Amino acid sequence: GAGVSQSPSNKVTEKGKDVELRCDPISGHTALYWYRQSLGQGLEFLIYFQGNSAPDKSGLPSDRFSAERTGGSVSTLTIQRTQQEDSAVYLCASSSRSGGAIGTQYFGPGTRLTVL
Amino acid sequence: AQSVTQPDIHITVSEGASLELRCNYSYGATPYLFWYVQSPGQGLQLLLKYFSGDTLVQGIKGFEAEFKRSQSSFNLRKPSVHWSDAAEYFCAVGTNFGNEKLTFGTGTRLTIIP
């Protein structure tokens, strides 16, 4: 079946512009995660959704970053007033979490963001 | 808070040789441990995971990993590497049955020489 998809695959923007990154999880997966991968910081957790709510936003680096999920499916990560340090690969993952059941996170190919 | 250490940044092995990638974790409760592989320009692919039970877990592509609680380790092994195994390997620890955030190590880049 289809895996996690992300769009765009690449995004180049100018400093100060806003960007939106999209994630389509595996159909039926209730949990969705955003991570960031950068040279200096490695793989960092950003935010986690269970359904449409976000129980853990602890990894969002500043208030310029926000995310939403609608219909328990698609998620959008928005970065306002982008800075050069926001340049990274943004990875999305989803899992079929259900109660105490064990979850495995399946990752998309990522969006490479370059801020000039 | 949990953490993961992968002490080897870069490893080079000959094709056909055995491989062991090291991973040490720190977590106060029951750890849920994962190994992922990332090929250039690709997302992360799950190799294997450990939740409980048998401490030796088998994964895809001929990989296995052994959980050693006394050493807080979860090392990845393969008896004979193939050129296609060249990639970056990440160890991760998860909480709450792996259903919440994963904390990743910094990764080990594997190079295979003919």
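Just so it is clear: chains get the letters A, B, ... in the order the sequence lines come, proteins before strands, and each one is counted from 1. This structure is a prediction, so every number in the text was calculated from the model and none was measured.
- Side-chain N/O atoms of B/Lys61 and B/Gln45 include a donor and acceptor closer than 3.5 Å.
- Per-residue heavy-atom pair counts under 4.5 Å with chain B were compared for A/Pro109, A/Gly42, A/Ser9, A/Cys92, and the maximum is reached by A/Pro109.
- When heavy atoms are compared at a cutoff of 4.5 Å, A/Gln6 does not approach chain B at all.
- For B/Tyr25 and B/Phe34, the distance between ring centers is not under 6.0 angstrom.
- With a 4.5 Å cut-off on non-hydrogen atoms, B/Leu44 touches chain A through its backbone and its side chain both.
- Contacts between B/Gln38 and chain A at a heavy-atom distance below 4.5 Å involve the side chain alone, from C-beta outward.
- Here the rule is side-chain contact (heavy atoms from CB on, under 4.5 Å) with B/Leu102, and of A/Tyr33, A/Tyr35, A/Tyr48 only A/Tyr35 fits it.
- Between the side chains of B/Lys49 and A/Thr104, at least one donor N or O sits under 3.5 Å from an acceptor N or O.
- A/Arg36 has a carboxylate O that lies under 4.0 Å from a charged side-chain N of A/Glu44, or vice versa, which qualifies the two as a salt bridge.
- Residue contact with chain B, scored on non-hydrogen atoms closer than 4.5 Å, involves the side chain of A/Leu91 exclusively.
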